[in-house]
Amino acid sequence: MDTAPDGKHQTQELEVEHDAVYAEKSGLASYKADAIEAENLEHNMTVIQAIKAYPMASFWAFVMSCTIIMESYDVFLMGNFVALPAFTAKYGVYDPVTQSNVVVPQWQSALQVSGQLGALIGVFIAGPLTSRIGYRYATLTGLMLLNIFIFAFYFASSLPVIFVAQLLEGIPWGIFIANAPAYCSEIVPIKLRAPATQMLQMFWAIGSIIVGGVTFRYNTITTEEAYKYAPMSGNSF
């Protein structure tokens with residue numbers, strides 16, 4: 001006689017638990033259906049419609065991609081330096097064949113590879129750094145470090161110091177090249193992922209074009225400002 005209320009109570013608890021599980025499953029199914037609907041909607045958008053629907057995502061993807069312009073600028077800059085008359089006069093040796101100073105091939109190769117070696121290190125650092133502090137602060141950290149390392153290059157007085165400065169500059173470059181594509185692919189809608197990737201390649205080309213213009217401008221300067229001011233110009237990107 002006394003067990004009836006307990007049995008009824010247990011039955012009610014089982015019904016409540018069953019309703020909760022059913023509600024949870026229904027909610028998950030609803031979320032899944034909404035996600036599929038949103039994905040289909042993004043697939044059916046045009047590029048212009050996607051930009052209008054997600055203007056801030058498009059804007060910040062563009063801003064983050066601008067770091068690639070600066071990286072491209074810095075990467076190609078050293079290759080132009082070895083041909084600048086002011087740079088070869090300072091760091092080159094006299095070549096009787098051309099009757100002018102040239103940077104020896106060993107140092108040309110070393111200066112070219114130093115930045116890429118630093119970028120390789122930066123790519124490995126970018127993963128754990130970004131996971132810990134996020135894309136925004138990782139990129140800001142890279143930008144601040146780049147300012148410091150550019151000043152090291154600016155005050156360098158020998159090729160070994162320039163080599164080390166380029167190596168250090170490469171670390172932020174690695175952060176930029178790792179973070180920019182990943183960040184763009186995460187925040188933009190599906191329809192804009194391909195254009196965002198193409199934009200990165202376009203910015204890489206823009207950086208190399210700017211290098212040509214800057215070194216052409218400083219080519220006629222015979223003082224050390226020819227190769228000291230060019231990196232500072234690139235840092236404005």
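Keep in mind it's a predicted model, so treat the numbers as computed, not measured. As a basis for the values below, the full set of heavy atoms in this structure was taken, side chains included, without hydrogen atoms, waters or symmetry mates. Starting from 1, each residue takes its place in the sequence as its number.
Two residues are said to be in side-chain contact when any heavy atoms from C-beta on lie closer than 4.5 Å; Trp173 and Ile177 fail this criterion. Residues Leu146 and Met70 are in side-chain contact: their nearest non-hydrogen atoms beyond the backbone lie under 4.5 Å apart. At least one side-chain heavy atom of Glu186 sits less than 4.5 Å from a side-chain heavy atom of Tyr135. Counting only heavy atoms from C-beta outward, the side chains of Met56 and Ile187 never approach each other to under 4.5 Å. A heavy-atom distance below 4.5 Å is found between the side chains of Glu71 and Trp204. A 4.5 Å side-chain heavy-atom check between Ser58 and Leu192 finds at least one atom pair inside the cut-off. For the pair Phe153 and Phe149, the minimum side-chain heavy-atom distance is 4.5 Å or more.
Between Leu120 and Phe124, the closest heavy-atom pair is O-CD1, 3.1 Å. In plain terms, the two heavy atoms of Phe176 and Ile68 that are nearest each other are O-CD1, 4.0 Å. Residues Val211 and Tyr73 approach most closely at CG2-O, 3.1 Å, considering heavy atoms. The nearest pair of heavy atoms linking Ser208 to Ser72 is N-OG, 3.2 Å. Taking every heavy atom of both residues into account, Cys184 and Ser65 meet most closely at SG-OG, 3.4 Å.
Considering OG1 of Thr67 and CE of Met64, their distance stands at 6.5 Å, rounded to 0.5 Å. To the nearest 0.5 angstrom, Gln201 atom CD is 11.5 Å from Ile206 atom CD1. Atoms CG and CD, from Leu77 and Gln166 in turn, are 7.5 Å apart once rounded to the nearest 0.5 Å. One distance of note links OH of Tyr183 with CZ of Arg136; it measures 8.5 Å at 0.5 Å rounding. Atom CD1 of Ile148 is separated from atom CD of Glu169 by 11.5 Å, given to the nearest 0.5 angstrom. Atom CD of residue Gln112 and atom CH2 of residue Trp107 lie 13.5 Å apart, to the nearest 0.5 angstrom.
Taking Tyr91 as the reference, nothing meets the side-chain hydrogen bond (donor to acceptor under 3.5 Å, both in side chains) condition, with sequence neighbours excluded. With sequence neighbours excluded, the residues forming a side chain to side chain contact (heavy atoms under 4.5 Å, CB included) with Ala156 are Val161, Ile162, listed by chain and number. Here Leu129 pairs with Ile125, Ile133, Ala138, Ile175 under the side chain to side chain contact (heavy atoms under 4.5 Å, CB included) rule; sequence neighbours left out.
Between Phe81 and Phe87, the angle of the ring planes stays under 30°, which puts this pair in the parallel group of the 30/60° scheme.
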